Amino acid sequence: DTEVTQTPKHLVMGMTNKKSLKCEQHMGHRAMYWYKQKAKKPPELMFVYSYEKLSINESVPSRFSPECPNSSLLNLHLHALQPEDSALYLCASSPGLGYEQYFGPGTRLTVT
Amino acid sequence: TQLLEQSPQFLSIQEGENLTVYCNSSSVFSSLQWYRQEPGEGPVLLVTVVTGGEVKKLKRLTFQFGDARKDSSLHITAAQPGDTGLYLCAGGEEGRRALTFGSGTRLQVQP
């Protein structure tokens, strides 16, 4: 099973809302990632978790808060977002840091 | 900062034509991956190459890793509309915690 699942598929939220994105993998991978992707651009790395510990935070604003409850799950908590945060949010996992990554289908987020 | 430059950035061709996409860097990578991404979907891993000079084939797609492990190419033979998408290369380095992604090549294959 090389599947990474993400929910929801689409999300529309207001600037005062609080929402969460969820990601799950059952490949036994020890590294998980959050990316943000704008239209026609490559993915931009946001956060990296390794063995359930935050390894990289690419200077992401605090209105994005990651959480790794266990080795299979990765959440991204959203609060007080701006319209410019609208994007495709991708989750990925890999056997370890620096290895090939497997991506989920993404969550299309629209902030109104 | 490690950089991976892809060329061309955009390519529009007719069905049946051949094409090559390039991924170049001044850095040495321990491995290199190619992904294809369709609109609104996540990137899908196509191949991983790890040995300098390595060539891998996936049906009509041929991937090559440069001898010095600084560059790679993707060649598609007889392109089909289903090949349309964003092609991304990504390099892994020993001791580096995340992959370095290239800028992407957007391919459009017209029927």
Side-chain angles (χ1 to χ4, degrees), chain A residues 2-11 21 23 25 27 29-51 53-60 86-110, chain B residues 1-12 21 23 25 27-50 56 58 63 65 69 72 84-108:
Chain A
T2 57
E3 188 179 28
V4 176
T5 59
Q6 288 187 244
T7 55
K9 180 76 171 169
H10 301 278
L11 179 62
L21 309 184
C23 174
Q25 58 90 14
M27 294 178 277
H29 288 174
R30 308 310 304 205
M32 296 186 77
Y33 311 77
W34 280 115
Y35 288 86
K36 174 183 178 181
Q37 187 177 28
K38 290 286 210 177
K40 300 184 180 180
K41 297 289 187 183
E44 295 174 32
L45 184 66
M46 299 175 72
F47 302 103
V48 180
Y49 274 81
S50 177
Y51 289 88
K53 286 188 170 53
L54 185 63
S55 180
I56 297 177
N57 176 342
E58 289 287 329
S59 302
V60 179
S86 298
L88 181 68
Y89 286 83
L90 294 163
C91 173
S93 71
S94 65
L97 294 177
Y99 287 83
E100 68 269 13
Q101 296 176 17
Y102 295 84
F103 284 83
T107 293
R108 171 69 60 190
L109 174 67
T110 303
Chain B
T1 303
Q2 313 300 338
L3 288 176
L4 271 173
E5 294 184 4
Q6 284 186 239
S7 62
Q9 291 186 341
F10 180 75
L11 193 54
S12 180
V21 177
C23 177
S25 175
S27 302
V28 175
F29 290 99
S30 56
S31 69
L32 196 134
Q33 288 80 45
W34 283 94
Y35 296 83
R36 179 171 66 220
Q37 184 178 24
E38 299 188 19
E41 299 292 330
V44 173
L45 180 65
L46 297 174
V47 77
T48 297
V49 286
V50 297
K56 281 192 174 179
L58 184 66
F63 305 86
F65 203 12
R69 291 185 292 142
S72 181
T84 293
L86 177 67
Y87 288 81
L88 295 159
C89 64
E93 299 166 78
E94 287 182 24
R96 184 164 167 76
R97 292 175 292 169
L99 296 179
T100 300
F101 275 86
S103 50
T105 294
R106 189 163 300 277
L107 172 65
Q108 192 168 50

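Basis for what follows: all heavy atoms, side chains included, without hydrogens, waters or symmetry-related copies. Just so it is clear: chains get the letters A, B, ... in the order the sequence lines come, proteins before strands, and each one is counted from 1. The model shown is predicted, which means the values in this text are computed figures rather than measured ones.
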[X] and [Y]: which non-hydrogen atoms are nearest, and at how many Å?
X: B/G102; Y: A/P42; answer: O-CB, 3.4 Å
X: A/E100; Y: B/L45; answer: CG-CD2, 3.7 Å
X: B/G42; Y: A/L90; answer: CA-CD2, 3.6 Å

Discussion item. Is the shortest side-chain heavy-atom distance between B/L99 and A/S94 below 4.5 Å?
Written reply: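 Sidechains of A/S94 and B/L99: no contact.
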Item to complete: Select, from A/Q37, A/K41, A/R108, A/Q6, the one with the greatest count of heavy-atom pairs under 4.5 Å involving chain B.
Response: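 Top count of heavy-atom pairs under 4.5 Å with chain B: A/Q37.
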Worksheet item: B/Q37 versus chain A, heavy atoms under 4.5 Å apart: side chain, backbone, both or neither?
Response: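 Interface part for B/Q37: side chain.
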More than 12 non-hydrogen atoms from neighbouring residues, nucleotides or ligands closer than 6.0 Å to [atom1] on [X], yes or no?
X: A/E58; atom1: CD; answer: yes
X: A/K9; atom1: NZ; answer: yes
X: B/F10; atom1: CZ; answer: yes

Worksheet item: Where does A/Y35 contact chain B at under 4.5 Å (heavy atoms): side chain, backbone, both or neither?
Response: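 The answer is the side chain of A/Y35.
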Item to complete: Calculate, to the nearest 0.5 Å, the distance between atoms OH and CZ belonging to B/Y35 and A/F103 respectively.
Response: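 So the OH of B/Y35 and the CZ of A/F103 are separated by 5.5 Å.
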Practice prompt. Would you give the length of the straight line joining atom CD of B/Q33 to atom OH of A/Y102, rounded to the nearest 0.5 angstrom?
Written response: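 The CD atom of B/Q33 sits 9.0 Å away from the OH atom of A/Y102.
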Item to complete: Output the option from B/G40, B/S31, B/A90, B/P39 having the highest count of non-hydrogen pairs under 4.5 Å with chain A.
Response: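 So the answer, after comparing B/G40, B/S31, B/A90, B/P39, is B/G40.
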